[in-house]
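So the structure is just underneath, and the comments pick up after that.
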Amino acid sequence: SSPSIVRRYREEPSPLVRFESAFDKAAEWIQKATVVVTMGGYNSLCEVLKWRKKAVVVPRQGPSMEQRTRARLFGERGLVGVLDFDDLSTESLAQQLESLIFNEAVPDIANIPALNGAERAAEVLLQADSALGDDVAEQLMAKGGQLTGAQPSRVAGGTINPVGIA
């Protein structure tokens, strides 16, 4: 199992392998890694794709199907290697790592989705704001809506004023 792998490398360190279970600045570690072994959380996989790193994903088994579903979909698209937790052993992990390191097709760069969602959302909001004009608040209030606001956020090319309707 994975704890015995970690224990073995801590007792007999290797210059080629370093295990980290939790640390600050994960993005820096991922950026420097040759291959990443991860459970398949959303942010972890986004970082792996952002830096176009090879990854073996061992999704957790619960409490939901989220990580297993994401790992399967990413694996089907040639973005990562996937190893089911029930199949995890020293040998299976070593096999996956060896296979992945020499597989130039993973990650399949053509299948990496756009990773600039926040930037795209800001652009859409700015376009909507300029298209709707200044009378939007008046129209919402006339229909009985109560406006709630937050501090404006600065983004490239403009400012977003978050407003909700209560």
Side-chain angles (χ1 to χ4, degrees), residues 1-128 150-151 153-160 162 164:
S1 71
S2 57
S4 66
I5 296 170
V6 174
R7 187 171 30 259
R8 185 178 110 205
Y9 278 99
R10 286 199 174 132
E11 292 170 0
E12 302 171 31
S14 165
L16 301 176
V17 178
R18 181 170 178 167
F19 284 93
E20 296 288 342
S21 59
F23 45 85
D24 292 329
K25 301 179 184 175
E28 290 179 22
W29 283 92
I30 291 171
Q31 187 178 1
K32 294 175 184 177
T34 301
V35 64
V36 175
V37 178
T38 182
M39 291 174 61
Y42 179 80
N43 291 333
S44 296
L45 287 181
C46 282
E47 287 294 330
V48 164
L49 295 180
K50 175 182 178 181
W51 299 110
R52 297 180 176 187
K53 294 297 178 172
K54 296 177 179 294
V56 175
V57 180
V58 184
R60 66 180 178 180
Q61 299 301 297
S64 71
M65 295 282 295
E66 173 196 355
Q67 288 189 1
R68 287 179 281 174
T69 300
R70 186 178 303 112
R72 180 182 53 79
L73 292 171
F74 279 39
E76 288 172 358
R77 287 165 175 78
L79 300 173
V80 298
V82 180
L83 181 59
D84 190 81
F85 186 82
D86 293 334
D87 299 328
L88 181 62
S89 68
T90 306
E91 295 78 21
S92 65
L93 182 58
Q95 246 179 356
Q96 273 280 348
L97 289 169
E98 185 176 0
S99 170
L100 196 60
I101 287 172
F102 296 107
N103 186 348
E104 294 299 322
V106 177
D108 184 343
I109 305 303
N111 284 336
I112 295 178
L115 298 172
N116 62 342
E119 185 178 309
R120 289 189 343 226
E123 289 173 8
V124 168
L125 289 171
L126 288 170
Q127 289 171 359
Q151 293 297 318
S153 301
R154 293 252 173 238
V155 295
T159 300
I160 296 176

Inset, instruction - Could you grab the distance from atom NZ of Lys54 to atom CG of Leu97, nearest 0.5 Å is fine? - result: 11.5 Å

Inset, instruction - Check whether more than 12 heavy atoms from other residues, nucleotides or ligands sit under 6.0 Å from atom CD of Glu76, and answer yes or no. - result: yes

Legend entry - Atom pair NZ/CD of Lys53 and Glu47 - distance to nearest 0.5 Å: 11.5 Å

Inset, instruction - Could you tell me which non-hydrogen atom of Val82 sits nearest to which non-hydrogen atom of Gly75, and how far apart they are? - result: CG2-CA, 4.0 Å

Legend entry - Atom of Gly81, atom of Leu100 and distance for their closest heavy-atom approach: N-CD1, 4.2 Å

Inset, instruction - Show your working on side chain to side chain contact (heavy atoms under 4.5 Å, CB included) between Leu83 and Val37 and close with a plain yes or no. - result: CA-CA 10 Å; Leu83 181 59; Val37 178; over 6 Å; no

Inset, instruction - Start with the C-alpha gap between Leu49 and Phe74, add the side-chain angles, then the distance that decides, and say whether side chain to side chain contact (heavy atoms under 4.5 Å, CB included) holds. - result: CA-CA 10 Å; Leu49 295 180; Phe74 279 39; 3.4 Å; yes

Legend entry - Distance-minimising heavy-atom pair for Asp87 and Ser92: O-OG, 2.8 Å

Inset, instruction - Using modelled atom types only, decide if a donor and an acceptor are shared between the side chain of Thr69 and the backbone of Met65 within a distance under 3.5 Å. - result: yes

Legend entry - CG on Asn111 to CG on Leu73, rounded to 0.5 Å: 12.0 Å

Legend entry - Donor-acceptor contact present, side-chain Ser44 to main-chain Thr38, <3.5 Å: no

Inset, instruction - Please lay out, stage by stage, how Gln61 and Asp86 fare under the test side chain to side chain contact (heavy atoms under 4.5 Å, CB included). - result: CA-CA 9 Å; Gln61 299 301 297; Asp86 293 334; 4.3 Å; yes

Inset, instruction - Measure the spacing between CD1 of Ile109 and CD of Glu104 and express it to the nearest 0.5 Å. - result: 10.5 Å

Inset, instruction - Examine distances only and state if a side-chain atom of Arg70 and a backbone atom of Gly40 form a donor-acceptor pair shorter than 3.5 Å. - result: yes

Legend entry - Rounded distance [0.5 Å steps], CZ in Arg72 versus CZ in Arg77: 8.5 Å

Legend entry - Gap separating the CZ atom of Arg60 from the CD atom of Gln67, nearest 0.5 angstrom: 4.5 Å

